[in-house]
Amino acid sequence: MPRWVDISSLANYPGSVVAVSLASMGNDIHVTVRSAIGEIAHTRCTVQPTPGTPGNPAWPGNCTAFVDLTPPN
């Protein structure tokens, strides 16, 4: 059963997120978020092997820092 994992503590999380997109790619889940003021950010979380088992840190240590993808004005 999937469970909710709070990744808002990751570096560069934009805050005030109003939309989330998930994409499963290989051993990773790619998370893209949009904030209320239009910021777009992306992170990647390794989910195979299972987070918290040998070879993969527990949540949210299995994720990269958010990268700002907001288009220029």
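Numbering of residues begins at 1 and proceeds along the displayed sequence.
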Sole residue of V5, N27, I29 in side chain to side chain contact (heavy atoms under 4.5 Å, CB included) with V47: I29

Transitive ILVMFWY side-chain link I40 to V67, under 4.5 Å: yes

side-chain contact (heavy atoms from CB on, under 4.5 Å) evaluation trace for W59 with D6: CA-CA 8 Å; W59 292 95; D6 184 356; over 6 Å; no

Matching residue for V31 among T64, L10, L22 - test: side chain to side chain contact (heavy atoms under 4.5 Å, CB included): L22

Under 3.5 Å donor-acceptor, N12 side chain and D68 backbone: no

Over all atoms of both residues, closest heavy-atom pair of N56 and P49: ND2-O, 2.6 Å

Backbone of C45 reached by a side-chain donor or acceptor of N62 within 3.5 Å: no

Contacts of V18 that satisfy side chain to side chain contact (heavy atoms under 4.5 Å, CB included) - sequence neighbours left out: R34, A36

Residue pair A65 / T43: nearest heavy atoms and the distance that separates them: O-OG1, 4.0 Å

Same cluster (ILVMFWY, side-chain, under 4.5 Å), Y13 and V20: yes

By side chain to side chain donor-acceptor pair (under 3.5 Å) - contacts of S35 (at least two apart): E39

By salt bridge (charged side-chain N to carboxylate O under 4.0 Å, His left out) - contacts of R44 (at least two apart): D28

